[in-house]
Structure formats: C-alpha cells, structure tokens
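Position 1 is the first residue of the sequence, and the numbers go up from there. A quick note: this is a predicted structure, and the numbers were derived from the prediction, not measured. Just follow the structure's listing: the first ligand is 1, and inside any ligand the first atom is 1.
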Amino acid sequence: MTRRQFLEGLIGSAAMPAINAETAGAAGAPFRTRGIYFHDGFTCEERHHAPLYWDFAAWQRQIRWLHACGINAIEFATMLEFNRIPSTPMERQKIADRLKILDFARSLGMKFGYLLTNTVLSAVPPEEEPGHQLLNRAVTLCPRQPGNFERTIAVPIYFMETYREADFFEQFAADWGGCACGACGVPEYLRYVRVLADRLKRLNPRATLYANTWCISYWGRDLMPQGWKAVFDREIAGSREVIEALPALPDNVGLGLPCHHLYRPLAFSSYGSKAQTPVFPTEADLQPLRRAQRPLLAWTHFVMDDDAYRPQAWGIVHSETRYLQALLKSLRAARIDQVIGNLYLPMLQLPNTFAFGRLLENPDREPQAILHDFARLIAHRDDAEKLAEALTWMENQSYWERQMPPDGRLPHLPCTLDRAGAQRLAAGIRPHPSPPLPLPLSAQAWLDDFRRSLARMDWAD
Ligand SMILES: [Zn+2]
C-alpha cells in the first residue's frame with residue numbers, strides 16, 4: 001500500500017488535495033511549506049531517542065516517515081556547543097551525514113533549510129567533542145567590541161558555505177545569541193542579517209535568508225527581571241523593527257516569526273490570560289512585507305515537543321492535535337502558508353508528527369478522526385480503538401494544556417477514562433503486524449514508549 005492509498009483510505013473517497021503555490025494559504029488549501037526543525041542538542045535517558053547520537057541510517061528512517069506524513073521541508077541548526085569551526089572527527093562526521101541528508105531529502109522532493117546563529121561561540125576546548133547543551137559550554141560576545149563581529153560571524157558563514165546548496169537559511173535572532181550589554185539592539189542583529197544575505201546571494205542566488213525574530217528581545221538589556229511579559233512585548237517591538245527595515249535589506253531576505261502571541265501558554269499566562277494577550281502579527285503588521293513581496297515563515301515551537309528545561313514534559317510522548325489545529329487555523333487566518341514545527345525526540349512524537357502532517361493538508365480535519373487514523377497505523381486492527389481511547393486521554397491531560405491559562409484551554413475530546421483506565425487499556429495493545437507507513441521505529445517499541453509516558457503523567461488523574 002502506498003502512502004497515498006493509505007491516506008486516501010483514511011479520508012474516505014475524498015481525493016488527496018493537490019498542493020501548489022496558487023492555492024496554498026486559501027481556505028481549505030494545504031500549507032505550502034510544511035516543515036520540521038530538528039533540535040539535536042540534548043541527550044536523554046533513552047539514548048537511542050536523542051538525535052544528538054543518530055547516524056545517517058537513523059536520519060533516513062526519520063525523514064522517510066516525515067515524508068510519508070506529508071512534511072515537505074526539514075531544517076537543522078548548529079547546536080549550542082557546536083558553534084565553532086569544527087575541530088574533532090565527530091563534528092566533521094555530523095556535517096558529512098547532514099550533507100547526505102540534504103541529498104536524501106532532495107531525492108524525496110523535500111526542501112532543506114539551515115538555521116544560523118550570531119554572537120555565540122563554543123567554549124569547548126578544540127580537542128574535546130561538543131555535546132549535550134545543558135553543559136552550557138558557550139559564550140556570547142558583544143559585536144560592538146572591536147573584533148567580535150568578525151570573530152562571531154565567521155561561524156555562521158562557515159556553516160552557510162558548508163550547506164550552500166540548502167533551499168533556505170534563517171538568521172536566528174537569539175536563544176542562543178543576541179547581546180544584553182544594553183547598547184546593542186535590533187540594528188546589531190540586522191548587521192548579521194545583511195552580511196549573511198549578501199554572502200548567500202553570491203553562494204546560492206535561489207536561496208532565501210529568513211530573519212527569524214525568535215527571542216529578538218535578547219538584543220538589549222536583560223528584561224527577565226521584569227518578567228516574561230516585558231520579553232514578549234519587546235518581541236513584538238523588535239519584530240516590527242525588522243519588518244520596517246526589510247525593504248532596505250537585500251532582496252533575498254524574508255521574515256520568520258515565532259508567533260508566540262498566537263499560541264504559546266507562557267505568552268498567554270504572562271499577559272494574565274489569552275484574551276489579554278495582544279495579537280501579533282496582525283494584517284497591518286504584514287502588509288509592508290506583502291507589498292515588498294518578501295516571503296514569510298511561521299517558526300512555531302514547543303507545541304509538538306518540549307525541551308529538557310521542563311523535566312515533566314521531557315522525554316515522553318505528547319499528543320496536541322487540538323492545539324496544533326488551533327495554531328494552524330490562526331496562521332491561516334493571518335494568511336501565513338509556510339510553517340515549521342519542531343521536534344526534539346522525534347521517535348517519541350509520532351502522533352504529533354502525523355497530526356501536524358494531516359492538519360497542514362487540511363486544518364479543518366477532526367482531531368478525533370486524526371487520532372483514530374494514527375491508532376490504525378500503529379496498533380493491531382483489533383486494538384486500534386483501545387489505542388485511540390488511551391491517546392485521547394493523553395491529549396486531554398497534556399502538560400501543554402496544563403500550562404495554559406483557563407481561557408486558553410480547548411474543550412476536551414470525549415473520553416471516559418482516568419489515568420489508571422488508560423494504562424490498563426494500553427497494557428493490552430498489540431502492534432500492527434505491518435504498519436502501512438514507514439515508521440522510524442517498530443510499532444512495538446513506540447507502544448512501549450507510549451505506556452512509559454502514561455506512567456510519567458502523574459499530574460493527571
Ligand atoms: Zn552588545
């Protein structure tokens with residue numbers, strides 16, 4: 001059975017939508033760029049889950065799975081401790097693998113992107129291998145100090161030249177990067193954008209460089225003592241400053257927006273509620289961009305997978321079909337048709353990856369139907385209903401939702417189980433003997449991770 005046959009089977013007699021640039025972004029049309037960003041800087045308890053250690057074969061399995069889910073772009077970045085000119089065989093091997101991944105993704109018709117940093121430099125001794133980012137062996141250098149701009153931009157230039165064949169790059173404002181000296185601000189960030197855009201024009205005139213305003217508030221004195229609201233406020237102001245500057249930047253520069261104010265519990269709760277959170281971007285914000293015909297990308301994060309800084313959510317399966325749907329609907333309302341979601345431990349997040357792919361094709365698809373379709377992909381057909389029910393419990397009790405202020409929470413899907421009931425049901429689920437899509441790990445192994453995750457969700461009843 002081909003992917004198309006399986007997915008057509010799932011959606012009944014309706015034909016798979018044709019995806020093209022003309023229809024993308026319109027109501028009922030699929031998103032044009034349906035991307036996944038891999039964050040591979042963390043280790044984890046179940047070591048085989050951490051992409052920090054994956055070889056090329058593991059990446060191939062992952063990318064085949066993404067492609068089968070309808071994802072059409074992948075993106076990598078230089079992780080915290082790796083921000084230097086490579087000096088160990090391990091770093092060089094990673095780059096060699098990634099160049100093979102670029103070719104492999106292209107062979108499947110997928111795009112390849114690379115996210116570049118700015119002021120950060122690895123502090124790992126040259127003969128030692130960089131690794132797990134919680135070790136935090138890196139520094140940021142103020143680009144206003146003599147010599148620092150040249151020292152720091154040498155690293156993103158090296159990675160841009162290495163991946164010069166990429167379809168797109170991003171210049172990531174901060175986290176890591178930026179400068180909190182107090183004198184630096186958006187103009188210093190734009191200096192990196194300008195130099196990298198000029199360099200990219202010579203290296204690969206077809207490629208776009210997105211100025212990604214994630215944590216652009218880290219360009220300026222530290223606002224954290226005032227709390228997250230101040231940080232998110234400056235993210236709006238800083239993004240607007242970038243939008244204003246765009247027409248004067250090289251014409252291969254587009255805009256990447258984190259869109260925190262549209263979906264993220266931390267943003268909603270820092271403003272007191274979802275209702276009190278300012279909407280950004282608005283149509284008026286995006287008009288100059290559209291007039292200048294600059295491409296726009298939403299770089300949304302944490303909803304598909306969470307990082308090691310929130311231990312409760314780290315290392316377990318998540319199911320956020322309703323929140324992914326709400327996010328994509330809000331992007332569609334803003335007429336944004338390019339989006340990149342994130343994965344930290346991709347083999348755990350099969351339900352969210354599947355749901356993301358289905359919703360990127362049609363954001364109106366029913367969350368419950370998506371969970372059932374996913375269950376039929378993983379479980380023996382006699383047990384698929386059990387898996388769908390246990391997944392529904394996981395979805396309703398998610399840690400993402402737990403962080404939401406009350407008015408940000410979405411209605412639960414129908415489910416009569418409690419945690420003990422979900423665990424009992426999950427205990428008896430047998431794997432699909434021959435899954436119709438190319439899973440990146442065995443259905444049995446994923447079911448074991450799913451059961452382990454239910455046991456970890458001790459905040460829920
Ligand atoms: Zn500075």
K.L.:
Please list all pairs meeting side chain to side chain donor-acceptor pair (under 3.5 Å) that have one or both residues in residues 340-350, counting only residues at least two apart or in different chains.
P.N.:
His301-Tyr344, Asp305-Gln349
K.L.:
Assign the ring pair Tyr323 / Trp400 to parallel, tilted or perpendicular, where the plane angle (0 to 90°) is split at 30° and 60°.
P.N.:
perpendicular
K.L.:
Pair Glu361, Arg34 - check salt bridge (Lys or Arg N to Asp or Glu O under 4.0 Å), show working.
P.N.:
CA-CA 9 Å; Glu361 284 182 345; Arg34 306 180 296 280; 5.3 Å; no
K.L.:
Identify whether NZ of Lys or CZ of Arg in Arg47 sits under 6.0 Å from the centre of the six-membered ring of Tyr53 and within 45° of that ring's axis.
P.N.:
yes
K.L.:
At a cut-off of 2.8 Å, what protein N/O/S atoms sit near the Zn ion (ligand 1)?
P.N.:
Cys142 SG, Cys179 SG, Cys181 SG, Cys184 SG
K.L.:
If you look only at pairs with a residue in residues 99-121, which of them pass as a salt bridge (Lys or Arg N to Asp or Glu O under 4.0 Å), with sequence neighbours excluded?
P.N.:
Arg106-Asp167
K.L.:
For His318, check side-chain hydrogen bond (donor to acceptor under 3.5 Å, both in side chains) against everything at least two apart and list the hits.
P.N.:
none
